[in-house]
Amino acid sequence: MNLMEFAEKLGVSDRIVSRWEGDGETASLRMVNQAALDTMLRNADKDAQGRFVGILAADDVPAFALIEPEGGETSSGDYVKHPGDGKLMALVPEGIFLAGENDEPVWVDAFHIDTFPTTNADYARFCAATRHRMPEHWETGRCPRDLYDHPVVHVTWKDAHAYATWAGKSLPTAEQWEKAARGTTGRMFPWGDQKTAAKCNVRETGVESTTSVSRYHSGVSPYGVYDMVGNVWEWLATPTRTGRYELRGSAFTSPLFRGIPAVPNDASDMMDDDDTGFRCAATPEQMLPRQR
């Protein structure tokens with residue numbers, strides 16, 4: 001369930017659920033709300049109950065061996081949940097990869113990167129916790145329900161940086177992002193060298209809007225990272241000059257060739273558009289639980 005559906009099941013507003021998440025272990029629930037949660041857990045399937053017990057029993061961040069998308073396809077990866085915003089992140093090991101249009105060898109230290117772009121649901125929790133300004137396409141001050149699992153858009157670089165800081169992460173550097181997208185061997189696209197627009201949400205696909213971040217299972221990178229080409233352009237930490245930062249990945253508004261991960265783009269840090277979002281990265285230190 002997404003946040004809105006979960007709140008409806010409990011008979012509370014989505015803002016209350018966001019507040020509970022923000023309060024973490026210190027959250028104080030009314031007895032009727034706690035009873036509703038207990039009932040939902042009791043009626044959940046065995047797999048959900050097992051995950052719940054596993055999270056409670058874990059001494060550190062719970063690990064996930066793989067993602068299981070619809071249709072029985074799986075994408076292997078070394079995944080963990082980040083202790084800040086709870087998003088699933090993929091490990092990118094240290095080492096050399098072939099970078100840029102000339103495939104120059106570049107060393108990158110180990111890091112984690114968000115498996116999916118930051119969604120509207122993720123951003124809603126951030127806005128609720130910090131009172132940060134909401135994206136302009138949330139016309140009623142809330143994200144439309146059917147966009148909860150779509151990447152957030154209409155965010156400036158400064159908005160993206162603020163979210164990353166709140167979550168205890170960073171925006172990825174150009175080198176981190178490119179390695180997460182291409183792997184180590186210089187492949188042209190996350191899935192290989194084939195120019196296959198059907199593996200992502202770009203202009204040729206014909207969708208003409210954002211899509212769910214987990215839709216394109218066959219387009220994942222060697223590290224199991226989704227949407228590294230298409231759907232939305234992604235802000236990076238790497239500046240090109242004062243007030244401008246790199247973007248990578250292309251979007252539903254752009255042709256496939258613009259999404260080649262080795263090819264950079266840039267924009268003003270004040271630009272917010274309907275095809276631009278972001279994801280975060282984390283160093284090993286940023287993966288440690290925060291001290292309360």
Side-chain angles (χ1 to χ4, degrees), residues 1-10 12-22 67 69-70 81-82 84-90 113-169 171-172 200-202 205 207-217 219 225-236 247-254 267 271-281:
M1 288 180 285
N2 63 37
L3 179 66
M4 297 288 287
E5 292 169 337
F6 184 68
E8 283 189 6
K9 287 279 188 181
L10 291 176
V12 299
S13 73
D14 57 301
R15 293 182 180 180
I16 288 178
V17 176
S18 294
R19 190 175 71 232
W20 291 342
E21 289 185 320
I67 291 177
E70 296 176 2
K81 260 188 169 183
H82 189 266
D85 61 1
K87 281 180 65 66
L88 204 63
M89 302 191 81
I113 191 165
D114 287 341
T115 305
F116 305 104
T118 303
T119 65
N120 285 293
D122 300 326
Y123 204 75
R125 288 193 288 271
F126 161 64
C127 290
T130 64
R131 299 185 182 275
H132 193 85
R133 78 172 185 95
M134 298 179 184
E136 65 181 60
H137 65 295
W138 297 5
E139 295 179 356
T140 63
R142 295 186 181 185
C143 173
R145 180 169 177 170
D146 60 345
L147 296 181
Y148 255 66
D149 62 347
H150 288 220
V152 67
V153 294
H154 286 297
V155 287
T156 67
W157 183 90
K158 294 181 179 180
D159 293 328
H161 178 71
Y163 176 98
T165 301
W166 167 78
K169 302 178 181 179
L171 294 178
C200 56
N201 181 14
V202 289
T205 315
V207 177
E208 299 183 348
S209 66
T210 58
T211 52
S212 168
V213 296
S214 61
R215 174 169 175 170
Y216 291 94
H217 310 310
V225 185
Y226 281 64
D227 273 1
M228 296 300 272
V229 172
N231 219 358
V232 294
W233 289 99
E234 297 185 9
W235 286 115
L236 302 181
L247 299 161
R248 300 261 179 137
S250 188
F252 69 90
T253 54
S254 301
M271 186 271 290
D272 79 65
D273 212 340
D274 65 352
D275 65 354
T276 304
F278 67 97
R279 77 179 74 217
C280 298

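All values below come from the heavy atoms of this structure, side chains included, with hydrogens, waters and symmetry mates left out.
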(message) Working to the nearest 0.5 angstrom, can you tell me the gap between Ser214 OG and Leu88 CG?
(response) 11.5 Å

(request) Report the residue from Asn231, Asp149, Asn201 that forms a side chain to side chain donor-acceptor pair (under 3.5 Å) with Ser212. (result) Asp149

(request) Please name all residues satisfying side-chain contact (heavy atoms from CB on, under 4.5 Å) with Ser209, sequence neighbours left out, ordered by chain then number. (result) Val207

(message) Taking the side chain as everything from C-beta on, heavy atoms only, tell me whether Pro151 gets closer than 4.5 Å to Phe116.
(response) no

(request) Answer yes or no: is there a side-chain heavy-atom contact under 4.5 Å between Met4 and Tyr148? (result) yes

(message) Between Glu234 and Arg279, does any NZ, NE, NH1 or NH2 come within less than 4.0 Å of an OD or OE carboxylate oxygen?
(response) yes

(request) Begin from the C-alpha positions of Thr211 and Tyr216 and carry the test side chain to side chain contact (heavy atoms under 4.5 Å, CB included) through to its verdict. (result) CA-CA 9 Å; Thr211 52; Tyr216 291 94; 3.6 Å; yes

(request) Report the residues that fulfil side chain to side chain donor-acceptor pair (under 3.5 Å) with Ser250, sequence neighbours left out, ordered by chain and then residue number. (result) none

(message) Under the rule for side chain to side chain donor-acceptor pair (under 3.5 Å), what residues qualify as partners of Thr253, not counting sequence neighbours?
(response) Asp275

(message) Quiz question: by atom type and distance under 3.5 Å, do the side chains of Asp272 and Thr156 form a donor-acceptor pair?
(response) no

(request) Side-chain contact test, heavy atoms from C-beta onward, threshold under 4.5 Å: evaluate it for Met228 versus Ile113 and give yes or no. (result) yes

(request) Go through the structure and list residues passing ring pair (Phe, Tyr, Trp, His ring centres under 6.0 Å) with His161, not counting sequence neighbours. (result) Trp157

(request) Quick one: list whatever passes side-chain contact (heavy atoms from CB on, under 4.5 Å) with Ala162, sequence neighbours left out. (result) Phe126, His132

(request) Answer yes or no: is there a side-chain heavy-atom contact under 4.5 Å between Phe252 and Thr205? (result) no

(request) Dump the intermediate steps for side chain to side chain contact (heavy atoms under 4.5 Å, CB included) on Val153 and Asp273, then the final yes or no. (result) CA-CA 7 Å; Val153 294; Asp273 212 340; over 6 Å; no

(message) How close do Ser254 and Val202 get, counting heavy atoms only, and between which atoms?
(response) O-CB, 3.5 Å

(message) Set out, in order, the CA-CA distance, both residues' side-chain angles and the distance that settles side chain to side chain contact (heavy atoms under 4.5 Å, CB included) for Leu247 and Thr276, then state yes or no.
(response) CA-CA 9 Å; Leu247 299 161; Thr276 304; 3.9 Å; yes

(request) For Trp166 and Ala129, indicate whether the former's side chain and the latter's backbone hold a donor-acceptor pair under 3.5 Å. (result) no

(request) Not counting sequence neighbours, which residues clear side chain to side chain donor-acceptor pair (under 3.5 Å) with Glu5? List them please. (result) none

(request) First locate atom CD of Glu8, then atom CG of Leu10, and finally report the distance between them rounded to the nearest 0.5 Å. (result) 10.5 Å

(message) I'd like to check Trp235 versus Met271 (side-chain heavy atoms, cut-off strictly below 4.5 Å). Are they in contact?
(response) yes

(request) Could you tell me which residues satisfy side chain to side chain donor-acceptor pair (under 3.5 Å) with Arg19, sequence neighbours excluded, listed by chain and number? (result) none

(request) Please identify each residue that fulfils side-chain contact (heavy atoms from CB on, under 4.5 Å) with Thr119, with sequence neighbours left out. (result) Ala121, Asp122, Val213

(message) Does any part of the side chain of Arg125, heavy atoms only, come nearer than 4.5 Å to the side chain of Glu21, both counted from C-beta?
(response) yes

(request) For residues Asp274 and His154, determine if any side-chain heavy atom of one lies less than 4.5 Å from a side-chain heavy atom of the other. (result) yes

(request) Output every pair passing salt bridge (Lys or Arg N to Asp or Glu O under 4.0 Å) with a member in residues 152-169, not counting sequence neighbours, ordered by first then second residue. (result) Asp85-Lys169, Asp114-Lys169, Arg133-Asp159

Which pairs would a plain distance check flag for residues 134-142, meaning a side-chain donor or acceptor within less than 3.5 Å of a matching protein atom at least two apart in sequence or in another chain?
{"residue": "Trp138", "atom": "NE1", "partner": "Asn120", "partner atom": "OD1", "Å": "3.2"}
{"residue": "Arg142", "atom": "NH1", "partner": "Asp14", "partner atom": "OD1", "Å": "3.2"}

(message) Within the structure provided, determine whether Phe278 and Tyr123 are in side-chain contact (heavy-atom separation under 4.5 Å).
(response) yes

